[in-house]
Amino acid sequence: MSAKIAIVGGGPSGCYTAQALLKRAPDLEVDIIDALPVPYGLVRYGVAADHQGTKGVARQFARIFTRQNAQFFGNLRIGRDVTLEALRRAYDVVVLAAGLPGDRPLGIPGDDLPGVIGSGALTRALYEHPDAEALPELGEAPLVIGTGNVAVDILRLLAKTPEELSGSDLGAGPSDWLAAQKIRQITVVGRSSAAAARFSPVMIKELAELSRVDLRLAAGGSDAGEVLAAAVAGSAGPLPIDFRFESRPVALEPLGDGLQLTVETPRGRETIAASSVISAIGFTGDGSFDRDGLLAEAGGAARLYAAGWFRTGPVGAIPQCREEGQRLAQQILDEVQPDPARIGRALFAGRAGITDFDHWQHLDALELAGATDQRCRRKISRRDDMLRPANLQDA
Amino acid sequence: MNIAIFFGTETGNAEMLAEDIATELEDQHETTVANLADSAPEALQVADLNVIVCSSYDDGDLPASAKPFVERVQSEMPDLTGVRFAIFGLGDSEYAETYGFGSMKLAELLVSRGAQALGERPVHDAAGDELPEDMAMPWLLEIIEAADA
Ligand SMILES: Cc1cc2nc3c(=O)[nH]c(=O)nc-3n(C[C@H](O)[C@H](O)[C@H](O)COP(=O)(O)OP(=O)(O)OC[C@H]3O[C@@H](n4cnc5c(N)ncnc54)[C@H](O)[C@@H]3O)c2cc1C
Ligand SMILES: Cc1cc2nc3c(=O)[nH]c(=O)nc-3n(C[C@H](O)[C@H](O)[C@H](O)COP(=O)(O)O)c2cc1C
């Protein structure tokens, strides 16, 4: 069957959906479109720089383009460069796999004060996303709100010594920034009890094994599981990381050069002073799509489907993207009704600035060639350089 | 000799390797590839050379797609005497204490039911530079040669 399928978003859910579609129906025309000049979404810009093994899925994803004949259309933002309506007219099926790039706001007074940064914004800056903001000064006592794996990723990176970052792909700029931070203590605040916290136990174990870390239970935590209790008992480095469970944030206010967070606890209200606040409580859309409307419309009749975080919300990791992609592929194949009159990728003909998969392979090789003893890759971070890497080579 | 290749995976790396192995062998041998999630213990046949590719998760646990198979072996207690298998692990040396434990646990279970493990159990390191197929093919060709002889 040679139906034409456009997948908006080249992250794990878009890639696994394409992989499963082409495995079942190799003659499909599958096009993966991404706003960034490079593929793989959060595998490149979310999965931590020191978790290279997890990024190994990129090898599978590359084969979607090199062997399964999917095509990559990078640097093309649907809704800005091409409308979703035009895309839907051109393709038999459109899959929305655009993720959830926005940080979910804390939703408390003061959540937009200077010194408050979202975990998505911070990780994008750390991992050199081309649209990232500048890295902020965190001061001596940053406070992290949220106890999921993204929060633990951030704690781990902030706590690592330069030696412990060896083998990662953390860039020179972020590495220098990290070395220049003067963090003396980190507080982590979570609404749930310790037992209900969302982090995975292995992530806590890994954190506690770092040389500088001293995990402490500063509030709540009487129900801490075996792993957390062992991590607290077994870590004794010079950098205290205080977990405060059962602490629901209610307000942020300026305090001196920093901020003060008020939390509601079973013991009543408490205040915590902080030099900066990192909110890591999940993700949301960035407003570029009417997500609710599109999700309500999605289905075979609309020739529109949704996948990954765009569909499920910011829950689930890479394995769930794979399972869901396989299910979705089967559903699409059951429902698609190809119409040869649809123009497919000809919609983009003559449009300047689109990057293809060869372009990514060229960038990838350049980045790998920039590896050092300490770093497995040197990411190209500026969009201009990504689009015109020849300029880099000349420099 | 039919070569029955099984994989236990979460993010698909083991499936990709299982398919690569099948592609490499298909000129010389009959091959089948199956997800352990879709396989019953009886799928391990005495007449075949069974090849298993299996990753590791959370503190040395089995990957999700291997779990239903393992649970069936544990509850049905099949007699696997005469079954020969070669197992290749996928892991990550960053998880030093439980490196390659998923494949190890699966191998131990099959051996405990009477199956015979052929060759070593190599583990590919996701944090390393080597490609899994470059490790797996020489390992497997040696096992196949010995089994054919
Ligand atoms: C900081 C962080 C760390 C994580 N670490 C891990 C981990 O270690 N292990 C793990 O299993 N999971 C991890 N996850 C979860 C995992 O990243 C997600 O499950 C997965 O990325 C969701 O995939 P997705 O394809 O839905 O979204 P994404 O990966 O976000 O991909 C969406 C893609 O769509 C593109 N896009 C967005 N809007 C448009 C548009 N308008 N037009 C065209 N393209 C567009 C984006 O550029 C992006 O490439 C992490 C998540 C975060 C945020
Ligand atoms: C959360 C998590 C836990 C892991 N735990 C282990 C482990 O305990 N031991 C190990 O050797 N590898 C471990 N790994 C590494 C995986 O086994 C490795 O990345 C493998 O290539 C995944 O293969 P798959 O895609 O077939 O599942 C872990 C990976 C993740 C993401």
Side-chain angles (χ1 to χ4, degrees), chain A residues 12-13 15-20 23 43 47-64 66-68 149 156 160 164-169 199-206 208-210 225-227 230 316-326 368 371 376-377, chain B residues 7-24 33-38 53-68 88-103 123-136:
Chain A
S13 50
C15 284
Y16 281 124
T17 304
Q19 181 189 56
K23 187 168 176 183
V43 171
V47 171
D50 61 343
H51 277 177
Q52 289 295 318
T54 305
K55 295 180 193 264
V57 292
R59 268 197 87 220
Q60 289 176 59
F61 298 164
R63 290 195 181 182
I64 303 168
T66 59
R67 300 196 187 175
Q68 293 183 292
N149 285 336
R156 193 180 64 253
K160 277 199 166 183
E164 287 167 336
L165 286 164
S166 178
S168 73
D169 66 2
F199 51 61
S200 23
V202 271
M203 296 277 288
I204 291 296
K205 218 171 131 183
E206 185 185 2
E209 280 164 7
L210 298 181
E226 216 176 294
V227 173
I318 296 169
Q320 286 73 45
C321 295
R322 177 170 174 274
E323 275 181 28
E324 193 205 5
Q326 295 181 342
L368 291 173
C376 64
R377 157 189 303 273
Chain B
F7 61 87
T9 190
E10 282 202 12
T11 64
N13 296 335
E15 178 172 12
M16 181 166 79
L17 178 59
E19 285 173 352
D20 283 356
I21 290 173
T23 305
E24 287 285 327
V33 177
N35 191 337
L36 281 173
D38 306 325
V53 183
C54 184
S55 63
S56 288
Y57 278 85
D58 306 320
D59 244 356
D61 207 350
L62 289 148
S65 101
K67 282 183 179 165
F88 186 95
L90 296 185
D92 186 334
S93 59
E94 300 275 339
Y95 300 92
E97 288 167 36
T98 55
Y99 182 49
F101 271 32
S103 54
V123 179
H124 171 262
D125 183 1
D129 290 330
E130 210 170 352
L131 297 181
E133 57 272 27
D134 292 349
M135 285 173 71

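A note on names: the letters A, B, ... follow the listed sequences, proteins ahead of strands, and every chain is numbered from 1.
Although no hydrogens or angles enter the test, the distance criterion places a donor-acceptor pair under 3.5 Å between the side chain of A:Gln60 and the main chain of B:Thr11.
Only the side chain of B:Asp20 has a heavy atom closer than 4.5 Å to any heavy atom of chain A. Looking at A:Arg59, the atoms closer than 4.5 Å to chain B (heavy atoms on both sides) sit in the backbone and in the side chain alike. Interface residue A:Glu209: only side-chain heavy atoms are found under 4.5 Å from chain B. When heavy atoms are compared at a cutoff of 4.5 Å, B:Asn13 approaches chain A by way of both its backbone and its side chain. In this structure, no portion of A:Lys55 lies under 4.5 Å from any heavy atom of chain B.
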Exercise for the section: Check the pair B:Glu15 / A:Lys23 against side chain to side chain contact (heavy atoms under 4.5 Å, CB included), numbers first and verdict last. Expected result: CA-CA 12 Å; B:Glu15 178 172 12; A:Lys23 187 168 176 183; 2.5 Å; yes

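The side-chain heavy atoms of B:Glu19 and A:Arg63, taken from C-beta on, include no pair separated by under 4.5 Å.
Residue B:Glu94 holds its CD atom at 7.0 Å from CD of A:Glu206, rounded to the nearest 0.5 Å.
The two residues B:Asp59 and A:Val202 have their closest heavy-atom pair at N-CG1, 3.4 Å.
Atom CG of B:Asp134 has more than 12 neighbouring heavy atoms from other residues, nucleotides or ligands inside a 6.0 Å radius.
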